[in-house]
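Here is the structure we will look at, set down as structure tokens.
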Amino acid sequence: MNRRLKLERSLTKSLQEYFRGITGGLLFSLPLLYTMEVWWAGFIVHPVRLLIYVLATFTLLLAYNRYAGLRRSASQLEVAIDSVEEMGLGLVVATVMLWLLGQINADMNLTEIGGKIVVEAMTVAIGVSVGTAQLGGEAKQEGDTGMQGEDSQPSSSPVPFLADNESDFGGQMAIALCGAVLFAANLAPTEEIIVIAIETSTARLLGLALLSILLAVLILFYSDFTGSQRFSQIRGIKNVLFGAVITYAIALVASAAILWFFGRFDDTTLFICLAQTVVLGVASTLGASAGRLLLQ
């Protein structure tokens, strides 16, 4: 029984590390994923330079994981395995995001697709490494403070947006809005938002919306992210869905307000306005969830 519990705990911890890594990859690389110059570099840069870029990134990952990574006592083999996993996650995250943003499709040749993915994935991989190691919550200190009892009960800390304390509810909304604005304001004035909104299909816009909600769920409830413990101890389906939907709603409001401020809704159809809001909503959701936890 103890062996089974340890295995389940190890699997849970590994999944949490992956979730934190994906979040970190998006947090630190999202502006580049939305940048046209980086898209163009994917098919302009010579393959030899791309290879050098990959090798240089892998070297940086090895160095970071050796001296500042999640497991500083890890062997050289474990450091290498962690670095390969992080590059793999970077490639997956970059591929999914570029596809959802309409920047890779079946009509492109493999050289262009591969170049775009590699250029974006290297920065994402570094973000994955930093996010896995540095964005973990109090749970990562478990080994130092001793394992909590298996029968210990969760604290009565309020769940996001479901607190009995009205001031806490308002405070959480305010912090979420601040985080959303902080992230969205960096991208809203750029031409890429409207370009993506015009070129992206309805199905991909729906995919971006679902991705945003999924990110909110993972960050708030399942990633052991810094500051998430007071929210993740009670994971009833009502709490998870309500917290994620409210977070996404705040993100959309922030996105729409900032886009309007920068004149992105002027002389534009309602559908394009909605599309811009959804596209920017990915960044806003990161801010409203991850940013909210870090700002407290």
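FYI, the numbering just counts along the sequence from 1.
Interatomic distance, Met122 CE to Ile117 CD1, rounded to the nearest 0.5 Å: 10.5 Å. In this structure, CD1 on Ile22 lies 12.0 Å from CD on Glu17, to the nearest 0.5 angstrom. To the nearest 0.5 Å, atom CG of residue Leu280 and atom CD1 of residue Ile194 are 12.5 Å apart. To the nearest 0.5 Å, atom CD1 of residue Ile193 and atom CD of residue Glu191 are 10.5 Å apart. From Phe19, atom CZ reaches atom OG1 of Thr132 across 12.0 Å, with rounding to the nearest 0.5 Å. Residue Cys178 holds its SG atom at 10.5 Å from CD1 of Ile250, rounded to the nearest 0.5 Å.
Proximity of Arg204 to Asn105: side-chain heavy atoms (C-beta onward) are separated by under 4.5 Å at one or more points. A heavy-atom distance below 4.5 Å is not found between the side chains of Val128 and Glu85. Side-chain contact between Phe58 and Val84: present, with at least one pair of heavy atoms (C-beta onward) separated by less than 4.5 Å. At least one side-chain heavy atom of Phe265 sits less than 4.5 Å from a side-chain heavy atom of Thr277. In this structure, the side chains of Glu120 and Val38 come closer than 4.5 Å at one or more pairs of heavy atoms. Side-chain contact between Thr268 and Gln276 is present, with heavy atoms from C-beta onward closer than 4.5 Å. Annotation: side chain of Ile196 is in contact with side chain of Gln103 (closest heavy-atom distance under 4.5 Å). At a threshold of 4.5 Å between non-hydrogen side-chain atoms, the residues Leu27 and Phe183 count as touching.
The shortest non-hydrogen separation linking Gly90 to Val124 is CA-CG1, 3.7 Å. Shown here for Leu91 and Thr95, the closest heavy-atom pair between the two residues is O-OG1, 2.6 Å. Taking all atoms of both residues into account, the shortest heavy-atom contact from Ser129 to Tyr64 is OG-CD2, 3.1 Å. In terms of heavy atoms, Val79 sits closest to Leu62 at CG1-O, 3.6 Å. Between Ser284 and Ala184, the shortest heavy-atom distance links the atoms OG-CB, 3.2 Å. Residues Ala254 and Ala180 approach most closely at CB-CB, 3.7 Å, considering heavy atoms.
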Tyr34 and Thr190: CA distance, side-chain angles, deciding distance, side-chain contact (heavy atoms from CB on, under 4.5 Å) verdict: CA-CA 9 Å; Tyr34 279 72; Thr190 65; 5.8 Å; no
Quick one: do Phe271 and Thr202 satisfy side-chain contact (heavy atoms from CB on, under 4.5 Å)? Show the steps, please. CA-CA 10 Å; Phe271 177 79; Thr202 303; 3.9 Å; yes
Start with the C-alpha gap between Lys116 and Val119, add the side-chain angles, then the distance that decides, and say whether side-chain contact (heavy atoms from CB on, under 4.5 Å) holds. CA-CA 5 Å; Lys116 285 185 175 182; Val119 168; over 6 Å; no
Apply side-chain contact (heavy atoms from CB on, under 4.5 Å) to residues Leu30 and Met97 and explain how you reach the verdict. CA-CA 9 Å; Leu30 200 65; Met97 285 301 301; 4.2 Å; yes
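Of the possible polar contacts, none joining the Glu112 side chain to the Asn109 backbone as a donor-acceptor pair under 3.5 Å is found. Judged by distance alone, the side chain of Glu192 and the main-chain N or O of Met36 form a donor-acceptor pair under 3.5 Å. Within the 3.5 Å criterion, the main-chain N or O of Leu33 finds a donor-acceptor partner in the side chain of Trp39.
Exactly one residue among Leu187, Thr123, Asn186 makes a side-chain contact (heavy atoms from CB on, under 4.5 Å) with Pro31. That residue is Leu187.
Counting heavy-atom neighbours within 6.0 Å of Leu55 CG, excluding the residue itself, gives a total above 12. Within a 6.0 Å radius of CZ in Phe43, more than 12 heavy atoms belonging to other residues, nucleotides or ligands are found. Residue Glu37 qualifies as enclosed at atom CD: its count of foreign heavy atoms under 6.0 Å is above 12.
By the rule that hydrophobic residues join a cluster once side-chain heavy atoms approach within less than 4.5 Å of another member, Val92 and Ile81 end up as members of separate clusters. In this structure, Val278 is not a member of the same hydrophobic cluster as Leu206, with clusters built from ILVMFWY side-chain heavy atoms closer than 4.5 Å. Residue Phe262 is not grouped with residue Val253 when hydrophobic side chains (ILVMFWY) are merged at heavy-atom distances under 4.5 angstrom, including chains of intermediate members. Using a 4.5 Å cut-off between side-chain heavy atoms of Ile, Leu, Val, Met, Phe, Trp and Tyr, with links allowed through other members, Leu210 and Leu100 fall into different hydrophobic clusters. Grouping the Ile, Leu, Val, Met, Phe, Trp and Tyr side chains by contacts below 4.5 angstrom, directly or via other members, places Ile272 with Val279.
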Side-chain donor-acceptor pairs of residues 211-220 under 3.5 Å, sequence neighbours excluded:
residue: Ser212; atom: OG; partner: Leu208; partner atom: O; Å: 2.9

